[in-house]
Amino acid sequence: MTTASGLSESELSVLVCLYESGGVLRQNALAAVLGWDRTRLSHQLTRMEKRGYVARDKVANGVEVALRPEGRRTIEASVPALNASTRRHLLDRLGPDDASALKAIVERLLLSDSSR
């Protein structure tokens, strides 16, 4: 996937998180979602700002990270390959019962996540 998109795994992870969140996340929330420490994320965001993928803005009690147009174009161009990769490496390897079980688990996780 990284070869097809021209992105590093870290860049791809950040862009996917921002894209799925509507384009803006607090930096500490982004670190939590990715499971990264603040220093790693800060260095990654600095590199991504230089490439025009993201912008950081100081806000009350923190920093917001936003997708810039170049980051949005890049991740949107990668979505078909991401979907194909997910299907090939995960979904196509599951039997019908496994796929149903996975769907039920994901729905339960999403439901419990939205109730927080």
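Being a predicted model, the structure only gives us computed values, none of them experimental. Residue indices begin at 1 and follow the sequence shown.
- Contact check for L7 versus Y53: side-chain heavy atoms found under the 4.5 Å cut-off.
- In terms of hydrophobic clustering, with Ile, Leu, Val, Met, Phe, Trp and Tyr side chains grouped at heavy-atom distances under 4.5 Å, I75 and L34 are assigned to a common cluster.
- Other residues, nucleotides and ligands contribute over 12 non-hydrogen atoms within 6.0 Å of the CG atom of D92.
- Rounded to the nearest 0.5 angstrom, C17 SG and L25 CG are separated by 7.0 Å.
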- Carefully, step by step, assess R26 and V59 under the rule side chain to side chain contact (heavy atoms under 4.5 Å, CB included). CA-CA 9 Å; R26 291 248 179 177; V59 294; 3.7 Å; yes
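- Counting heavy atoms from C-beta outward, N28 and L41 have side chains that stay 4.5 Å or more apart.
- In this structure, L18 and S21 approach most closely via the heavy-atom pair O-OG, 2.8 Å.
- By the side-chain contact (heavy atoms from CB on, under 4.5 Å) test, A77 is found to be paired with no residue, residues two or more places apart in sequence or in another chain being considered.
- Legend: salt bridge (Lys or Arg N to Asp or Glu O under 4.0 Å) pairs involving residues 53-62, not counting sequence neighbours, sorted by first then second residue: E49-R56.
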Using atom types as modelled, flag every donor-acceptor pair under 3.5 Å from a side chain in residues 62-70 to any protein atom, sequence neighbours excluded.
residue	atom	partner	partner atom	Å
E70	OE1	R73	NH2	2.9

- Task: Go through the steps to decide whether R47 and S8 satisfy the test side chain to side chain donor-acceptor pair (under 3.5 Å), and finish with yes or no.
- Result: CA-CA 11 Å; R47 290 188 294 273; S8 70; over 6 Å; no
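- Contact of the L15 side chain with the M48 side chain is registered, since non-hydrogen atoms from C-beta on lie closer than 4.5 Å.
- L45 and V33 fall into different hydrophobic clusters, defined by Ile, Leu, Val, Met, Phe, Trp and Tyr side-chain heavy atoms under 4.5 Å apart, directly or through other members.
- Side-chain atoms of R51 and T74 form no donor-acceptor pair, as typed in the model, at a separation below 3.5 Å.
- The shortest side-chain heavy-atom distance between S10 and R40 falls under the 4.5 Å cut-off.
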